[in-house]
> 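The following block contains the structure, expressed as structure tokens.
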Amino acid sequence: MKILVTGGAGYIGSHMAETLVKNGHTPVVFDNLSYGHKDAMPKGVKLIVGDLNDEEALGKLFERENFEAVMHFSAFISMAESVENPKIYFRNNVFNSLNLFDMMARFNVKKLIFSSTAGVYGNPHKLPIPEEHTCNPTNPYGESKLMVEKILAWYDLSYGLKSISLRYFNAAGADLAGKNGEDHDPETHIIPIALKMALGQNESFEIYGNNYQTRDGTCVRDYVHVLDLVNAHLLALDKLANNGQSDVYNVGIGVGYSNKEVVEMVKKVTGVNFSVEYSARRAGDASELVASADKIKEELGWQPEYSDLETIVATAWKWHKNHPE
């Protein structure tokens, strides 16, 4: 199957492109490289440098390539930045997605896997969080993803565009060979920031907030290995390829780790001790997000293989040591 992968030069998208190739598909990556990296692209995968706000370039791409499906990773993803500058999140994550969906409708491409987020839930009143939980985002990033989910429901009704939205919890880790890993600029995720501290690249390390109503006062998150995450996309694609209906699924393992626990695991894996400072909470941070993964396991047969915290940190550490810059 020929598949358009938007944002395919980014962290998750590049792992997805490689996995698609390994499974006999033909990915074509469309990325503006504002956060993606050419070096992350698998050998032989076509990279088109362009932006989803360029409707003319997007139209030519669809006309030329005859896609059978789309995997949509392209988005801004910083919760904190979205609070500071919501405008760019709604423009990029919502309006640009509309351009993509309109092009899919125009060229009769009816299968879409959408990269959503657990941030759509906000502060949960039930843990682990099931898909039918109330959605009440606490920041514009989560709001933008929820808006796209709602748009997709209407595009299914009006145009027959079948979509599966995967609500990621915290994607982390790197490929097992240490060739491809997480490299954001600026980096906002706790595991790579802590690993850079272990490498001596940062002078200080902060945990935001130690007065949450959690077991040790720090935020609790559900971490899923990037390889398990991309496998969920393959299973979702298989569902749509077999005339499956639109749906939403959590992608998490149902186990939460606190920020303190993550840092302790980084110290254990790296063998490096470093000091930790505590600062104020970030605006929009939920205290605890842990997935119910029952639905994706039962309906799609998804089973995480690499998502224990030690494996996640160890694979990320291998990549960061191999790519210190």
Side-chain angles (χ1 to χ4, degrees), residues 7 10-12 32 34-36 51-53 72-98 114-125 127 129 133-151 165-172 182-194 196 202 204-214 217-224 248 250-252 256-260 262-263 276-291:
Y11 169 47
I12 301 170
N32 65 11
S34 59
Y35 291 100
D51 199 290
L52 291 175
N53 66 14
H72 182 30
F73 296 94
S74 179
F76 292 158
I77 62 170
S78 170
M79 177 276 297
E81 183 186 49
S82 78
V83 174
E84 295 168 2
N85 194 355
K87 174 175 66 177
I88 65 171
Y89 275 71
F90 293 120
R91 283 182 176 172
N92 185 70
N93 294 2
V94 181
F95 293 163
N96 285 358
S97 293
L98 271 172
F114 173 57
S115 168
S116 191
T117 174
V120 300
Y121 296 118
N123 278 306
H125 57 76
L127 291 171
I129 307 169
H133 190 285
T134 303
C135 290
N136 188 24
T138 57
N139 55 71
Y141 166 60
E143 190 73 59
S144 72
K145 292 289 190 173
L146 182 59
M147 290 172 74
V148 174
E149 286 191 17
K150 291 180 177 180
I151 289 167
S165 296
L166 297 178
R167 292 173 175 169
Y168 304 172
F169 282 65
N170 281 45
E182 192 168 5
D183 184 16
H184 300 113
D185 185 17
E187 186 57 74
T188 60
H189 295 164
I190 187 171
I191 292 176
I193 293 173
K196 289 184 178 184
N202 294 338
S204 62
F205 179 84
E206 288 183 317
I207 288 179
Y208 297 103
N210 62 349
N211 59 350
Y212 287 93
Q213 294 300 308
T214 58
T218 65
C219 288
V220 171
R221 295 291 183 266
D222 186 331
Y223 292 86
V224 57
V248 298
N250 289 334
V251 191
Y257 297 98
S258 73
N259 285 346
K260 282 184 179 179
V262 170
V263 171
V276 176
E277 300 172 5
Y278 294 94
S279 57
R281 297 184 185 190
R282 295 183 301 185
D285 251 343
S287 59
E288 188 165 0
L289 294 173
V290 177

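This chain uses plain numbering: 1 for the first residue, then up along the sequence.
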> Are the side chains of L289 and N170 in touch, meaning some heavy atoms are under 4.5 Å apart?
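When only atoms from C-beta onward are counted, N170 and L289 do not touch, as no gap falls below 4.5 Å.
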> Return the orientation label for the Y121 and H133 ring planes: parallel under 30°, perpendicular over 60°, tilted otherwise.
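Rings of Y121 and H133: perpendicular, over 60°.
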> Find out whether I12 and Y168 are in side-chain contact, i.e. whether some heavy atom of one side chain is under 4.5 Å from a heavy atom of the other.
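Counting from C-beta outward, I12 and Y168 do come under 4.5 Å.
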> Taking A172's backbone N and O only, do any of them form a donor-acceptor pair with Y11's side chain (distance below 3.5 Å, no angle check)?
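Present.
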> N250 side chain to F169 main-chain N or O, any donor-acceptor pair under 3.5 Å?
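Checked: no pair found.
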> Checking N123 side chain against S287 main chain: does a donor-acceptor pair fall under 3.5 Å?
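Yes, N123 side chain to S287 backbone: donor-acceptor pair under 3.5 Å.
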> Please round to the nearest 0.5 Å and tell me the distance separating atom CD1 of I151 and atom CG of L98.
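That separation rounds to 4.0 Å.
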> Run the side-chain contact (heavy atoms from CB on, under 4.5 Å) test against T188 and tell me which residues pass, sequence neighbours left out.
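Expected list: S78.
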> Check whether any side-chain heavy atom of F90 lies under 4.5 Å from a side-chain heavy atom of E143, and answer yes or no.
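Heavy-atom side-chain distance check passes, below 4.5 Å.
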> With E149, which residues qualify under salt bridge (charged side-chain N to carboxylate O under 4.0 Å, His left out), at least two apart?
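Only R167 meet the salt bridge (charged side-chain N to carboxylate O under 4.0 Å, His left out) criterion with E149.
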> Please enumerate all residues that pass salt bridge (charged side-chain N to carboxylate O under 4.0 Å, His left out) together with D285, with sequence neighbours excluded.
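With neighbours one apart ignored, the set is R221, R282.
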> Roughly how far, to the nearest 0.5 Å, is CG of N92 from CG of N32?
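With rounding to 0.5 Å, CG (N32) is 7.5 Å from CG (N92).
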> Determine whether a donor-acceptor pair (N or O, by modelled atom type, separation under 3.5 Å) exists between the side chain of K145 and the backbone of N93.
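No, K145 side chain to N93 backbone: no donor-acceptor pair under 3.5 Å.
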> Applying side-chain contact (heavy atoms from CB on, under 4.5 Å), name anything that partners T218, two or more places apart in sequence or on another chain.
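Testing T218 for side-chain contact (heavy atoms from CB on, under 4.5 Å), a comparison that skips the adjacent residues, returns I207, N210, D216, S258, N259, K260, Y278.
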> Apply side-chain contact (heavy atoms from CB on, under 4.5 Å) to L127 and list each qualifying residue two or more places apart in sequence or on a separate chain.
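L127: side-chain contact (heavy atoms from CB on, under 4.5 Å) contacts with P124, I129, E288, V290.
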> Does the side chain of I190 come within less than 4.5 Å of Y223's, by heavy atoms?
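Yes, their side chains come closer than 4.5 Å.
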> Using the test salt bridge (charged side-chain N to carboxylate O under 4.0 Å, His left out), find all partners of R281 that sit at least two apart in sequence or belong to another chain.
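Applying salt bridge (charged side-chain N to carboxylate O under 4.0 Å, His left out) to R281 gives none.
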